[in-house]
Amino acid sequence: MKGIKGKVAIVTGGATMIGEAVAAELIACGARVVLADIDALKGAAAAERLGRDARFHQTDVSHDADIARCIDATETAFGGIDYLVNCACTYVDNGAASTRAEWNQALDVNLVGAAMMLQACRPQMVKRGGGAVVNFASISASAAQSGRWLYPVSKAAIVQFTRSAALDLASEGIRVNAVSPGWTWSSIIETLSGGDKAKADSVAADYHITGRLGLPEEVAQVVSFLLSDHASFVTGADYACDGGYSALGPEGKAAAITRLMD
Ligand SMILES: NC(=O)c1ccc[n+]([C@@H]2O[C@H](COP(=O)([O-])OP(=O)(O)OC[C@H]3O[C@@H](n4cnc5c(N)ncnc54)[C@H](O)[C@@H]3O)[C@@H](O)[C@H]2O)c1
């Protein structure tokens, strides 16, 4: 991918399958990456798998002091920051019964954490003459999902945050985009399906035009495109990487009109 070679990226949520895949793709394109995640065990293991161009820094994105330490550690390790990928998330969500504390937690990690990471990275990006950011949104940002209130609201908010940040940081050469994955093979889907990918694919088939789940690597390729110079005229956008989930309407994949003739 054009322009990625020699760049330095921070990937929050880097301990996940999706975050690690993003880091692997960026490293394959010649970048160096700091994985910033609250999970020290998984984060360190991911960095080890990724090799000498990766570092892990334990970071809670809801704590400003942690964020500041992560920025310093990245500058010390790799000399600056060009890219930020806000992938960390919490799925805490009790729908209509969610408490104030749960609302605050969901928004703090999924939205405010991303905003504070960008605020902290911005001076570093300005020093390098610009940068690029990808915020993880989701198909959940624009569809009602039974029993889920907090996560979808947080993801809808990050799409709007992406537009606002894109506008106000453009003069500094910083592009800000979002990616909205569909169901992706990840820890949560692996856990919910009991590790049965074929089952997960067959359930996903009802909701995705492609008839299957996405792979972390497929999401990672869209993220690296958005960071790269190939996307130099793309900012404030929310890119679907969802196997056609968002293209389907309430009729789903069935031929609804013909039901009138039954
Ligand atoms: N899995 C999917 O199908 C899917 C679909 C659409 C969007 N997404 C998005 O992709 C991203 C990754 O999703 P996932 O399913 O791999 O998530 P996951 O739950 O497996 O991972 C979330 C990661 O964030 C880290 N984290 C949680 N709280 C944190 C905090 N306070 N500070 C730093 N790190 C913290 C966790 O340790 C974990 O490594 C998320 O932004 C999610 O919204 C996922």
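Start at 1 with the first residue, then count along the sequence. Just so it is clear, the values below take in all heavy atoms, side chains as well, and ignore hydrogens, waters and symmetry mates. As the structure lists them, so they are numbered: ligands from 1, and atoms in each ligand from 1. Model, not experiment: these values are computed from the prediction.
Side-chain atoms of Asp37 come within 3.5 Å of backbone atoms of Ala15 as a donor-acceptor pair (strictly under, hydrogens ignored). Of the possible polar contacts, one joining the Glu102 side chain to the Thr99 backbone as a donor-acceptor pair under 3.5 Å is found. A donor-acceptor pair is defined here as one N or O able to donate and one able to accept, closer than 3.5 Å; such a pair exists between the side chain of Asn110 and the backbone of Thr90. Without hydrogens or angle criteria, Thr12 side chain to Cys87 main chain gives a donor-acceptor distance under 3.5 Å.
Surrounding NE2 of His230 are more than 12 heavy atoms belonging to other residues, nucleotides or ligands, all under 6.0 Å away. Counting non-hydrogen atoms of other residues, nucleotides and ligands closer than 6.0 Å to CG of Leu41 gives a total of 12 or fewer.
Heavy-atom contacts of Thr59 reach the following atoms of ligand 1: 32 (N), 33 (C) (cutoff under 4.0 Å). Below 4.0 Å from some heavy atom of Ser187 lie the following atoms of ligand 1, by number and element: 20 (O). Atoms of ligand 1 found under 4.0 Å from any heavy atom of Cys89 (numbered from 1 in listed order, with element): 17 (O), 22 (C), 24 (O), 26 (N), 27 (C), 28 (N), 40 (C), 41 (O), 42 (C), 43 (O). For ligand 1 and Cys87, the ligand atoms under 4.0 Å from any heavy atom of the residue are 11 (C), 12 (C), 40 (C), 41 (O). Annotation for ligand 1: atoms under 4.0 Å from non-hydrogen atoms of Ser138 are 6 (C), 7 (C). For ligand 1, the atoms lying closer than 4.0 Å to a non-hydrogen atom of Asp39 are 37 (O).
Residue contact check for ligand 1: Ile188 places a non-hydrogen atom closer than 4.0 Å to it. Contact between Asp37 and ligand 1 is present, with at least one heavy atom of the residue lying under 4.0 Å from the ligand. Residue Gly214 places no heavy atom under 4.0 Å from ligand 1.
With respect to Asp53 and Arg32, no salt bridge is recorded, no charged nitrogen being found less than 4.0 Å from a carboxylate O.
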Identify every side-chain donor-acceptor pair in residues 71-80 under 3.5 Å, counting partners at least two apart or on other chains, and give the distances.
{"unit_1": "Thr74", "atom_1": "OG1", "unit_2": "Cys70", "atom_2": "O", "d": "2.7"}
{"unit_1": "Glu75", "atom_1": "OE2", "unit_2": "Lys127", "atom_2": "NZ", "d": "3.2"}
{"unit_1": "Thr76", "atom_1": "OG1", "unit_2": "Asp72", "atom_2": "O", "d": "2.8"}

Anything under 3.5 Å between a donor and an acceptor, one on a side chain of residues 252-262, the other on a protein residue two or more places apart or in another chain? List them.
{"unit_1": "Lys253", "atom_1": "NZ", "unit_2": "Ala205", "atom_2": "O", "d": "2.7"}
{"unit_1": "Lys253", "atom_1": "NZ", "unit_2": "His208", "atom_2": "O", "d": "3.2"}
{"unit_1": "Thr258", "atom_1": "OG1", "unit_2": "Ala255", "atom_2": "O", "d": "2.7"}

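Among protein heavy atoms, the minimum distance from atom 10 (O) of ligand 1 is reached at Phe136 CD2, 3.3 Å. Here the protein heavy atom with the shortest distance to atom 14 (P) of ligand 1 is Tyr91 OH, 3.6 Å.
Using a 4.0 Å cut-off between heavy atoms, Lys155 contacts ligand 1 through its side chain alone, with no backbone atom that close. Here Leu213 has no heavy atoms under 4.0 Å from ligand 1, in either its backbone or its side chain. Contact annotation for Val109 and ligand 1: only side-chain heavy atoms (C-beta onward) come within less than 4.0 Å of the ligand.
The option from Gly182, Ala88, Pro216 that lies nearest to atom 5 (C) of ligand 1, judged by heavy atoms, is Gly182. Closest to atom 7 (C) of ligand 1 by heavy atom, among Ser186, Ser180, Ala137, Cys70, is Ala137. Across the listed options Asp60, Ile67, Ile38, Ile38 owns the non-hydrogen atom lying nearest to atom 34 (N) of ligand 1. Of the listed options Trp183, Tyr151, Tyr245, Tyr151 places a heavy atom closest to atom 42 (C) of ligand 1. Nearest-heavy-atom check against atom 2 (C) of ligand 1 across Leu35, Thr184, Thr16 picks out Thr184.
Residue-to-ligand polar distances place Val61 within reach of ligand 1: an N/O pair is separated by less than 3.5 Å.
Side-chain N/O atoms of Asp60 and His63 include a donor and acceptor closer than 3.5 Å. In this model, a donor atom of one side chain and an acceptor atom of the other lie less than 3.5 Å apart for Gln160 and Arg163.
Put simply, the residue from Asn135, Asp238, Asn86 that forms a side chain to side chain donor-acceptor pair (under 3.5 Å) with Thr162 is Asn135.
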